[in-house]
Amino acid sequence: MFTEGSVALVTGGSRGIGRAVALDLASHGVHVVVNYSRSEQPAKELVAQIEADGGSASTAGADVTDEAAVRAMFQGVRSEHGRLDVLVTSAGVTRDRFMVVMGSKDFRETMDVNMTGTFLACREALRIMQHQRRGAIVTLSSSSGLDGGFPGQTNYVASKGAIIAFTKALSNEAAPHGVRANCVAPGFIATDMTKSIPAKIRAEYESRIRLGRMGTPEEVAQLVTFLASDRASYITSETFVANGGGLA
Ligand code: NAP
């Protein structure tokens with residue numbers, strides 16, 4: 001699925017969907033650079049787990065909103081490995097508030113981590129991938145970026161819709177250089193992000209999902225790995241939804 005010696009960087013690889021992606025890529029022989037911002041210890045434990053399973057991984061700390069830190073992280077990958085085959089951008093936050101009481105800080109912070117962070121990582125990755133004339137980028141949006149999501153998520157939904165449009169525009173620029181870019185839009189996935197939703201509301205939404213349950217990070221990771229792999233060599237510029245059929 002991946003050429004020998006492939007290297008991937010996963011932003012937000014320390015927890016949740018990014019963590020599952022890191023594990024899945026590593027199980028296919030890819031060296032995974034696990035990016036974290038605050039979760040250094042979970043990132044280190046993940047690397048230890050990958051190595052115990054016979055894989056190869058390393059950590060790279062950087063807040064994805066910090067331009068200099070993101071640049072330094074990719075420079076580190078370039079000097080250590082001399083290549084970057086895959087970028088997965090999973091770093092993301094929610095700051096849910098009904099719009100009438102949402103502060104501009106909640107709006108800006110969400111846009112900054114989710115959208116600007118995706119831009120900064122993709123830009124650095126593309127600089128390397130363009131030069132090597134190969135590479136695959138997978139961005140994490142959300143099905144809410146397509147259907148408007150739940151009440152109280154105007155900031156999050158705006159950032160996730162922007163990621164879909166951004167990935168399309170990026171793929172147009174990247175294609176002539178042999179680089180693919182696709183987007184994955186998960187529905188309701190069992191991670192820390194959805195744990196923060198009040199239990200009653202979570203149960204109500206869960207009961208409406210057509211497949212009758214929340215998705216697992218591993219189910220999203222398998223799709224991400226496929227899109228990042230050579231098996232998806234003729235697929236670019238697309239958005240793939242993994243949401244258990246959506247809400248009935
Ligand atoms: P999560 O469990 O809350 O994990 C969020 C991840 O983002 C953590 O690894 C965190 O790393 C990282 N992160 C946050 N701010 C960061 C920053 N400034 N710089 C670098 N890393 C940062 O979330 P998740 O559910 O796995 O979500 C992963 C992605 O999938 C997000 O983009 C999310 O929007 C998207 N998504 C999730 C769902 C869902 O239902 N869970 C549905 C649709 C889309 P640190 O802890 O190290 O800061």
Side-chain angles (χ1 to χ4, degrees), residues 9-24 32-47 59-74 87-96 108-122 124 137-150 153 155-164 166-167 183-197 201-202 205-206 209 213-221 223-224 239-244 246-247:
L9 189 147
V10 182
T11 71
S14 54
R15 294 189 288 118
I17 293 170
R19 182 178 184 280
V21 168
L23 281 164
D24 201 52
V32 182
V33 180
V34 178
N35 161 252
Y36 65 89
S37 169
R38 288 158 304 163
S39 303
E40 183 175 8
Q41 194 52 33
K44 283 183 172 162
E45 285 166 13
L46 175 59
V47 168
T59 59
D63 181 329
V64 294
T65 66
D66 181 336
E67 187 164 7
V70 171
R71 187 172 298 146
M73 176 168 69
F74 281 87
L87 169 69
V88 179
T89 58
S90 191
V93 292
T94 51
R95 299 272 189 274
D96 294 359
R108 287 206 178 95
E109 277 180 7
T110 307
M111 290 300 284
D112 206 22
V113 176
N114 297 358
M115 183 61 257
T116 312
T118 298
F119 160 70
L120 291 173
C122 288
E124 296 308 320
I137 295 172
V138 183
T139 58
L140 264 297
S141 173
S142 162
S143 58
S144 69
L146 291 161
D147 66 20
F150 306 125
Q153 292 201 303
N155 51 357
Y156 182 75
V157 169
S159 72
K160 292 295 165 177
I163 287 172
I164 292 171
F166 168 81
T167 308
C183 187
V184 168
F188 216 33
I189 309 300
T191 66
D192 293 343
M193 188 175 270
T194 42
K195 250 187 235 159
S196 65
I197 298 170
I201 298 174
R202 208 172 55 216
Y205 282 126
E206 193 170 355
I209 298 170
R213 61 173 178 85
M214 292 173 83
T216 66
E218 291 73 24
E219 287 173 311
V220 179
L223 174 58
V224 171
T239 299
F240 295 85
V241 177
N243 68 349
L247 300 182

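Atoms within a ligand are numbered from 1 in the order they appear, just like the ligands themselves.
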Without swapping roles, check the side chain of Thr94 against the backbone of Asp96 for a donor-acceptor pair under 3.5 Å.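 Checking the backbone N and O of Asp96 against the side chain of Thr94, no donor-acceptor pair under 3.5 Å is found.
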Quick one: does any side-chain atom of Asn243 pair with a main-chain N or O of Pro186 as donor and acceptor, under 3.5 Å?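 No, Asn243 side chain to Pro186 backbone: no donor-acceptor pair under 3.5 Å.
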State, with a plain yes or no, whether a side-chain heavy atom of [X] is found less than 4.5 Å away from one of [Y].
X	Y	result
Phe188	Arg202	yes
Val10	Val88	yes
Val241	Leu146	yes

Taking both backbone and side-chain atoms of [X], is any N or O found less than 3.5 Å from an N or O belonging to ligand 1?
X	answer
Val113	no
Gly13	no
Ser14	yes
Tyr156	yes
Ser39	yes
Ser90	yes

How close does the nearest protein non-hydrogen atom get to [atom], and which residue and atom is it?
atom	value
atom 13 (N) of ligand 1	Ala91 CB, 3.9 Å
atom 8 (C) of ligand 1	Arg15 NH2, 3.6 Å
atom 20 (C) of ligand 1	Ser37 CB, 3.4 Å
atom 25 (O) of ligand 1	Thr191 OG1, 2.5 Å
atom 43 (C) of ligand 1	Pro186 O, 3.3 Å
atom 38 (C) of ligand 1	Gly187 O, 3.8 Å
atom 19 (N) of ligand 1	Val64 N, 2.9 Å
atom 37 (C) of ligand 1	Ile17 CD1, 3.7 Å

Region of [X] engaging ligand 1 - heavy atom pairs below 4.0 Å:
X	answer
Thr89	neither
Pro42	neither
Val93	side chain
Lys160	side chain
Ile189	both
Phe188	backbone

I need the atoms of ligand 1 closer than 4.0 Å to a non-hydrogen atom of [X], numbered in the order shown.
X	answer
Asp63	17 (C), 18 (N), 19 (N)
Gly12	7 (O), 9 (O), 12 (C)
Tyr36	47 (O)
Ala62	19 (N), 20 (C)
Ser142	43 (C), 44 (C)
Asp192	2 (O)

Any chance you could measure [X], atom [atom1], to [Y], atom [atom2], to the nearest 0.5 Å?
X	Y	atom1	atom2	result
Ile137	Thr89	CD1	OG1	8.5 Å
Ser143	Ile164	OG	CD1	9.0 Å
Phe240	Ser141	CZ	OG	13.5 Å
Asn155	Lys160	CG	NZ	11.5 Å
Ile201	Thr194	CD1	OG1	13.0 Å

Report the residues that fulfil salt bridge (charged side-chain N to carboxylate O under 4.0 Å, His left out) with Glu109, sequence neighbours left out, ordered by chain and then residue number.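 With sequence neighbours excluded, Glu109 shows a salt bridge (charged side-chain N to carboxylate O under 4.0 Å, His left out) to Arg95, Lys105, given in chain and number order.
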Any idea which of Glu109, Met193, Gln41 brings a heavy atom closest to atom 23 (O) of ligand 1?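 Going through Glu109, Met193, Gln41 one by one, Met193 has the nearest heavy atom to atom 23 (O) of ligand 1.
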Considering only heavy atoms, which of Gly92, Ser141, Gly145 lies nearest to atom 44 (C) of ligand 1?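 Shortest heavy-atom distance from atom 44 (C) of ligand 1: Ser141.
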Determine, stepwise, if the pair Ile17 / Ile189 fulfils side chain to side chain contact (heavy atoms under 4.5 Å, CB included). CA-CA 8 Å; Ile17 293 170; Ile189 309 300; 4.2 Å; yes
Would you say Asn35 touches ligand 1, if touching means a heavy atom closer than 4.0 Å?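 The answer is yes, since Asn35 has a heavy atom less than 4.0 Å from ligand 1.
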Considering all heavy atoms, the nearest [X]-[Y] contact:
X	Y	value
Ala121	Thr11	CB-CG2, 4.0 Å
Ser159	Asn114	OG-ND2, 3.0 Å
Leu247	Tyr205	CD2-O, 3.7 Å

Would you check if the distance from the ring center of Phe150 to the ring center of Tyr156 is below 6.0 Å?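 No, too far apart.
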Does the side chain of Thr139 pick up a donor-acceptor pair with the side chain of Thr118 at under 3.5 Å?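 There is no such pair between these side chains.
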